[in-house]
Each structure stands twice: as structure tokens, then as C-alpha cells.
Amino acid sequence: MTTTDARPSATDGAAVGGPPPGGVPPVGGPDGTTRGAPDTSTGNNGGAVVVSSGIRASLRRSGFWIVAGILVLVASVVLLLVKGVSGTASAAPLSIDSPAPAGSRALAEVLRQHGVTVTAAHSLAEAQAAVSADSTVLIYDPDQLLPGDRYTEAAALGSRLVLVEPDVFELEALAPTIAAAGAPESSGSDSATLSAQCELPAARSAGTISVSGTTYRSVGESVVTESCFPSFGTSYSLVRAGSVTVLGAPEVLDNGHITLAGNAALALGLLGTSNSVVWYTPSAADVTANGPPSLGALTPGWVTPALSLLVLVFVAGAVWRGRRLGPVVVENLPVIVRASETIGGRARLYARSGDSTHALDALRIGSSTRLAVMLGLPRTAPLELIITQCSAVTGIPATEVAATLVNQVPGSEGDLVELAQRLAGLERAVRASLGLGGPS
């Protein structure tokens with residue numbers, strides 16, 4: 001038998017322009033065209049752009065990565081802005097790039113405005129490259145990073161050296177006729193000053209300076225030409241020996257104190273007499289490595305590229321094969337077997353096979369457990385203890401209790417039934433003797 005589909009098709013309706021036979025006429029516009037459901041496959045509905053469900057699903061699946069990418073982009077922009085605001089300024093004390101109170105950017109800018117070229121050097125090699133015949137070299141090494149065997153090279157840097165608060169080793173190598181003399185007078189006072197009391201032009205122009213750092217004095221047959229800003233009469237904050245000037249007051253040069261007393265005049269007088277100043281602050285680049293070779297130095301050159309390639313392959317494989325865990329799915333079990341049905345099934349198996357011994361063992365295990373609970377014993381109490389307690393409570397001989405619980409072996413179904421009845425009777429006797437309720 002052949003059947004005919006009476007439902008109209010959209011093609012037929014559009015082509016004929018009238019209602020299909022036996023069907024609901026389509027809703028048409030004034031021009032007679034048919035208006036149906038939005039065409040999500042093409043994304044065009046009467047000129048309006050419609051996002052298809054496939055695109056929405058793709059966006060929903062990629063939502064996490066899109067948000068993560070946006071966050072990384074925003075964080076990068078913020079870091080760039082912060083880096084741009086802060087620039088490459090160093091926070092190290094007396095850094096000419098630092099506008100902080102401990103920096104020396106103000107002094108460097110003033111020197112530059114007076115036509116002096118100020119160059120920062122963070123290693124001996126940079127200082128050697130920047131120095132010229134008319135350079136004044138300022139050396140400030142508070143962390144003692146310049147090795148002792150390189151002081152000779154530092155001494156040959158320029159015709160004029162300004163050592164800012166040098167230690168004993170630096171003095172011994174670069175200014176052996178000058179020695180440290182301890183803290184200056186009125187040290188720790190923010191308002192205390194020291195008077196020049198010498199003929200050095202820079203010191204006379206300054207008049208007084210703020211108190212800071214340490215003091216120095218000449219020793220032995222000295223070629224000291226000037227000693228200024230005395231403390232306790234024998235130690236000075238500034239000592240000049242030949243072409244080397246030792247300045248024990250580092251605050252004279254920093255941004256936070258350069259406007260105090262005559263600090264600015266002394267700083268400009270010391271560093272502004274030449275056309276070039278090399279501001280040398282030793283760093284870790286000057287430290288000579290003298291320890292054992294590193295692991296990277298001991299491994300062949302191809303190890304690092306190979307490890308990098310392996311890491312890239314691992315990441316690519318993880319992205320390729322990685323799967324996000326979906327929601328937890330509750331799976332319906334095919335069948336649920338009740339415990340009573342399981343017990344009944346085992347009993348029928350024992351009966352069919354005639355295995356009365358295993359059936360009796362199951363009954364004895366259950367009786368022993370219940371007796372132990374009634375007697376106040378743990379469920380894992382030894383059988384000998386249960387037998388002894390049952391005999392003591394009920395007055396039944398222990399041998400009879402033992403035969404019921406373990407010793408007697410059934411030879412037939414009749415024996416199995418008799419022993420099962422004896423087990424039930426033993427439980428009733430114990431329950432009655434202890435005055436416990438429950439089935440009798």
C-alpha cells in the first residue's frame with residue numbers, strides 16, 4: 001500500500017504563492033512572499049545579521065581563553081605603563097638616575113646645565129670606556145663590590161679622583177696617606193653643620209656642610225694638601241691628597257640634603273671643575289667569579305636547546321590532547337539486587353548442592369556475632385570466650401554450647417535443621433538469662 005504525504009513543503013508554497021492543499025496557509029507579506037522562521041544557517045533574516053548557534057557555541061567554549069587573553073593583555077599594558085612611568089631609574093644610593101632622596105639626580109642635572117658631561121658607569125669597563133683625559137672620576141662603592149686586585153686599574157681612571165666614604169681597603173690602594181678617623185662631631189643631628197676652616201676653593205665657597213658619614217685624617221709622611229670640615233680637631237670630612245679627594249659626607253651629594261647648608265656649593269666645586277664627570281658605582285659586574293663552574297658550564301652546548309625543544313613539545317602535546325573534564329553524569333544501574341534476595345539466592349544454592357556444612361557455618365557466624373553483642377563482648381571476640389560466657393550465663397554445659405556453635409558437623413538436612421533450632425534456642429536462652437527484650 002502506498003501512502004501520500006499531504007503536508008505542504010515550503011518550496012511548493014513559495015513557488016505557487018497560494019495555500020497548499022489541506023494545509024495551513026503560510027503568512028505572507030504584502031508582496032506575496034513567504035515569511036518563515038529565521039534562517040540560522042545563513043545568518044540572514046530580512047537583512048538583519050543573525051549570529052548562528054554554531055558561532056555562539058564556539059564563543060561559549062572559548063570564553064575562558066578569550067577572557068584569559070584579555071587579562072594578560074591588560075596586565076602587560078599596566079606593566080608597560082608602570083615601567084614607563086618609573087623608567088630605568090635606579091633606587092641605589094647616590095644614583096644619578098634616581099630622583100629619590102637618596103639619589104643624586106638633582107646634582108647631575110645641575111652639572112649638565114653647567115655644561116659638564118655626567119656619565120654613569122656601573123662597572124670598571126664602562127668607567128674606562130667613558131673616561132677622558134680631563135675627566136673627574138667619582139667612585140662610590142658602599143657594598144665593596146670592586147675586587148682588591150682591580151684597585152690599580154681604578155687608580156688609573158682619571159686625573160682627578162673623588163672617593164666618597166671609602167673603606168680602609170680602598171684607602172690603602174687609592175689614597176694610602178689617608179686613614180679613616182671615625183664618626184664626625186655631632187653625628188646624628190640633622191641640624192648640625194661643620195665649618196670649612198681650610199683654603200680649598202670649593203670648601204670656602206660652601207662655608208659649612210651638613211654632618212654625615214665618617215671622617216678621615218692624614219697619616220705618616222703625607223702629601224695632603226687640604227683638610228676641611230674638622231671634627232674633634234684632628235679628623236676631617238674632606239681630605240685631599242694630590243689628585244685624590246676623599247669625601248666622608250655622602251649626604252652632600254644626595255637629593256635630600258643637597259640644599260642644606262653649603263652642600264650644593266661643595267658638590268659643584270668638587271665635580272664642576274672639569275668638562276666630564278664619570279660617576280662610577282661598582283656593581284656585581286665587577287665581581288670576579290672564583291667558585292666552581294656552574295652546571296650550565298659543565299653541560300654540552302646542545303643540552304639547553306634540546307631541553308627547550310622538549311618543553312615546547314610537551315606544552316604543544318598537552319594543548320593538543322588535553323581535554324577539560326565535563327560535568328558529573330549520573331549513570332542508571334541496569335538492575336538493583338536487594339540484600340534479602342542475595343541471601344535467598346545463596347540459600348537456594350546451598351540447598352540445591354546439598355552443602356549443609358556451608359549453610360550451617362553461615363548460621364553459626366551470625367549467631368556468634370549476636371551472642372557476643374548480647375554478652376557485652378566485641379564482635380571480634382574469640383569463640384572460646386563466647387562459649388564460656390554463654391555457659392556461665394545460661395548454665396548450659398560448655399561442651400554442649402561448643403557442639404552447637406562449632407564442633408558438631410551435620411550429616412544430613414535433618415541434622416542441619418536440628419542444629420539451626422539449637423542455635424536459635426541458645427540465643428533465646430542467653431537473651432532470657434540477661435533479661436533482654438526481643439524475639440523469644
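Keep in mind that the numbers below use all heavy atoms, side chains included, and drop hydrogens, waters and symmetry copies.
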### Query
Hey, does S95 have a side-chain heavy atom less than 4.5 Å from the side chain of T281?
no

### Task
Please confirm whether the backbone N or O of I365 pairs with a side-chain atom of R370, one donor and one acceptor, at under 3.5 Å?
no

### Task
Given side chain to side chain contact (heavy atoms under 4.5 Å, CB included), test L423 with L405 step by step and report yes or no.
CA-CA 7 Å; L423 287 172; L405 287 179; 3.6 Å; yes

### Query
For the atom pair CZ (R422) and OG (S367), what is the distance rounded to the nearest 0.5 Å?
12.0 Å

### side chain to side chain donor-acceptor pair (under 3.5 Å) between R379 and T369, intermediate numbers included
CA-CA 6 Å; R379 291 177 178 271; T369 303; 5.4 Å; no

### Query
Can S412 and D415 be said to form a side chain to side chain contact (heavy atoms under 4.5 Å, CB included), step by step?
CA-CA 5 Å; S412 61; D415 295 340; 3.6 Å; yes

### W279 (side chain) donor-acceptor with Y140 (main chain) under 3.5 angstrom
no

### Any side-chain donor near an acceptor of the partner, S276 and S135, under 3.5 Å
yes

### Query
Between OG1 of T357 and OH of Y350, what distance do you get to the nearest 0.5 Å?
10.5 Å

### Query
Distance only, no hydrogens: is a donor on one side chain within 3.5 Å (strictly under) of an acceptor on the other, for H257 and D254?
yes

### Message
Does E413 form a side chain to side chain contact (heavy atoms under 4.5 Å, CB included) with S356? I'd like the steps, not just the answer.
### Response
CA-CA 7 Å; E413 291 186 1; S356 57; 5.7 Å; no

### Query
Just by distance, with hydrogens left out, do S210 and N263 show a side-chain donor and acceptor under 3.5 Å apart?
yes

### Message
Per the side chain to side chain donor-acceptor pair (under 3.5 Å) rule, what does the pair list look like for residues 381-397, sequence neighbours excluded?
### Response
none

### Message
Side chains of I96 and R112, heavy atoms from C-beta outward: is any pair under 4.5 Å?
### Response
yes

### Closest approach of S237 to I209 (non-hydrogen atoms, all atoms of both residues)
CB-CD1, 4.2 Å

### Message
So for atom CZ, which belongs to R346, do other residues, nucleotides or ligands contribute more than 12 heavy atoms lying within a distance under 6.0 Å?
### Response
no

#### Entry: Any donor-acceptor pair under 3.5 Å from S104 side chain to L107 backbone
no

### Message
If you define the side chain from C-beta out and look only at heavy atoms, does anything of F229 sit under 4.5 Å from T193?
### Response
no

### Task
Would you confirm whether T245, through its side chain, and A241, through its main-chain N or O, come within 3.5 Å as a donor-acceptor pair?
no

### Task
Start with the C-alpha gap between H358 and D355, add the side-chain angles, then the distance that decides, and say whether side chain to side chain donor-acceptor pair (under 3.5 Å) holds.
CA-CA 6 Å; H358 280 90; D355 194 356; 2.5 Å; yes

### Message
Any non-hydrogen side-chain atom of P282 less than 4.5 Å from a side-chain atom of S123?
### Response
no

### Query
If you draw a 6.0 Å radius around CD in E172, do more than 12 non-hydrogen atoms from other residues or ligands fall strictly inside?
no

### Atom pair CG/CG of L146 and D149 - distance to nearest 0.5 Å
8.5 Å

### L247 vs Y216 side-chain heavy atoms within contact, under 4.5 Å
no

### Query
With distance as the sole criterion, is a donor-acceptor pair present between the side chains of T234 and R217 under 3.5 Å?
no

#### Entry: Side chains of D286 and Y280, donor plus acceptor under 3.5 Å
yes

### Query
Is the side chain of D141 donor-acceptor paired with the backbone N or O of S283 at a distance under 3.5 Å, no angle test?
no

### Message
Please check if the number of heavy atoms outside E153 that lie under 6.0 Å from its CD is greater than 12.
### Response
yes

### Task
Give a yes or no on whether F169 atom CZ has more than 12 heavy-atom contacts from other residues, nucleotides or ligands under 6.0 Å away.
no

### Heavy-atom check, side chain of V131 versus side chain of V137, under 4.5 Å
yes

### Query
Within a strict 4.5 Å, meaning less than it, do heavy atoms of the I396 and C390 side chains meet?
no

### Message
Has S231 got a side-chain atom pairing as donor or acceptor with E185's backbone, closer than 3.5 angstrom?
### Response
yes

### Task
Let me see the working for I178 and V219 under side chain to side chain contact (heavy atoms under 4.5 Å, CB included), right down to the final yes or no.
CA-CA 6 Å; I178 302 175; V219 293; over 6 Å; no

#### Entry: N/O donor-acceptor pair under 3.5 Å between E126 side chain and H122 backbone
yes

### Query
Does any non-hydrogen side-chain atom of L138 lie less than 4.5 Å from one of V278?
no

### Any side-chain donor near an acceptor of the partner, T214 and E165, under 3.5 Å
no

### Task
Say whether, by atom type as modelled, one donor and one acceptor occur between the side chain of S235 and the main chain of T215 under 3.5 angstrom.
no

